[in-house]
Amino acid sequence: MQRSDTDAAETHFGYRTVPLGEKQTLVDDVFHKVAKRYDIMNDLMSGGLHRAWKNVLISKLRPPQGDRPFRLLDLAGGTGDVSFRAVTAGGTGTRAVVADINTEMLAVGRERAEKRGLGDKVEFREANAEELPFEDASFDAVTIAFGIRNVPRIPLALSEMRRVLKPGGQALVLEFSKVDVPLLDKIYEFYSFRVIPELGKRVAGDGEPYQYLVESIRRFPAPDVFAQMMRTAGFARVTATPLTGGIVCLHSGYRI
């Protein structure tokens, strides 16, 4: 039986090379394992900095005040962290749709939304970032925080993000990046590969998923390379803003 081009193509899963068609299954397995402890581990891994980084994203997003309708799509946002911030920062017209391919993460997000009284403002949908089940030009903004590097075909996801944006709408991508501060890069390297997997083993009961997460960070394109990927997907006014010495980068682009 002849394999299709998609089956024959290869990609990376951390430092491993795997068939393109298998990566999504492998990523899903990682997040099934960590879903219940995902937010606790984010605090431990980043020293709580992920909260500040997401707040910077919301400041850049600037959801409108008042009752003006504003619809956000938050991709790979299963636990609802970014969406909860957005609807809280915005006015009564701000609504968010969380789209994630992982059912375990979505279940955690729905539970959190109900506990916070945000069930009427945040909707949860199972969806693949490479083939979004939403109409063209149906969102005012699209965000994805620490999720784009887990998508098997990033150019497809970027094209889909642009497709569902309204003209003038903004896409914001928050992702780990390349540390550009001398000495900090050495400390960060040691912490990532020696400390984080051990934390995962002790807190979440399994260090292997966190080993993958660290490796996936190292394989993600440099800011200038990813900025060009956004331009190729059709985004305009593309910017890349490094945060905390380049540990993370906030990428922005508009559908013009």
Side-chain angles (χ1 to χ4, degrees), residues 31 35 38-39 42 50-148 150-151 156-175 230 233-237 239 250-256:
F31 285 95
Y38 185 70
D39 292 306
N42 276 346
H50 77 99
R51 298 174 184 271
W53 297 329
K54 289 169 183 172
N55 287 340
V56 172
L57 183 153
I58 297 301
S59 296
K60 184 82 170 177
L61 179 67
R62 288 182 296 179
Q65 303 301 304
D67 59 359
R68 179 163 75 86
F70 181 84
R71 195 168 183 233
L72 166 69
L73 174 63
D74 182 33
L75 292 176
T79 62
D81 231 17
V82 169
S83 292
F84 299 157
R85 284 174 166 77
V87 299
T88 301
T92 56
T94 301
R95 297 288 185 273
V97 177
V98 175
D100 200 301
I101 201 168
N102 191 284
T103 56
E104 292 289 331
M105 298 287 281
L106 288 168
V108 171
R110 289 190 186 97
E111 184 178 345
R112 294 182 73 204
E114 292 302 321
K115 286 181 178 178
R116 293 168 181 239
L118 297 174
D120 61 332
K121 290 190 172 185
V122 181
E123 176 187 350
F124 292 83
R125 293 279 300 274
E126 185 175 348
N128 188 329
E130 296 179 359
E131 192 174 357
L132 295 173
F134 306 110
E135 295 182 0
D136 294 359
S138 54
F139 291 93
D140 298 282
V142 180
T143 56
I144 181 167
F146 308 117
I148 193 75
N150 297 313
V151 176
L156 275 183
L158 290 173
S159 294
E160 281 290 271
M161 289 167 67
R162 184 185 181 280
R163 178 184 66 79
V164 301
L165 270 177
K166 297 177 182 178
Q170 183 181 25
L172 287 165
V173 180
L174 183 64
E175 190 52 86
M230 291 188 72
F235 288 102
R237 294 165 54 192
T239 61
L250 179 59
H251 303 267
S252 172
Y254 291 83
R255 177 176 181 176
I256 303 299

>> Can you give me the closest heavy-atom contact between G109 and F84, atom names plus distance?
In response: O-CZ, 3.7 Å

>> So which atom in A86 and which in L61 form the shortest heavy-atom distance, rounded to 0.1 Å?
In response: CB-CD2, 4.0 Å

> Between N55 and R85, which heavy-atom pair has the shortest distance, and what is it?
Replying inline: OD1-NE, 3.0 Å

> Where do F70 and A141 come nearest, in terms of heavy atoms and distance?
Replying inline: CZ-CB, 3.8 Å

> Just wondering, do L106 and V98 contact through their side chains at under 4.5 Å, heavy atoms?
Replying inline: yes

Identify every side-chain donor-acceptor pair in residues 114-125 under 3.5 Å, counting partners at least two apart or on other chains, and give the distances.
residue : atom : partner : partner atom : Å
K115    : NZ   : E111    : OE2          : 3.3

>> Under a plain distance cut-off of 3.5 Å, with no hydrogens placed, do Q170 and S252 share a side-chain donor-acceptor pair?
In response: yes

>> A side-chain contact here means heavy atoms from C-beta on lying under 4.5 Å apart; do L172 and L250 qualify?
In response: yes

> Which heavy-atom pair separates M161 from L132 by the least distance, and what is that distance?
Replying inline: N-CD1, 4.4 Å

>> I want to check something: taking the side chain as every heavy atom from C-beta on, are E175 and F146 in contact at a cut-off of under 4.5 Å?
In response: yes

>> For the backbone of R162 and the side chain of R255, can you confirm whether one donor and one acceptor N or O come within less than 3.5 Å of each other?
In response: yes

>> Is it the case that over 12 heavy atoms from other parts of the model lie below 6.0 angstrom from the CG atom of D67?
In response: no

>> Between D140 and R71, does any side-chain N to carboxylate O distance fall below 4.0 Å?
In response: no

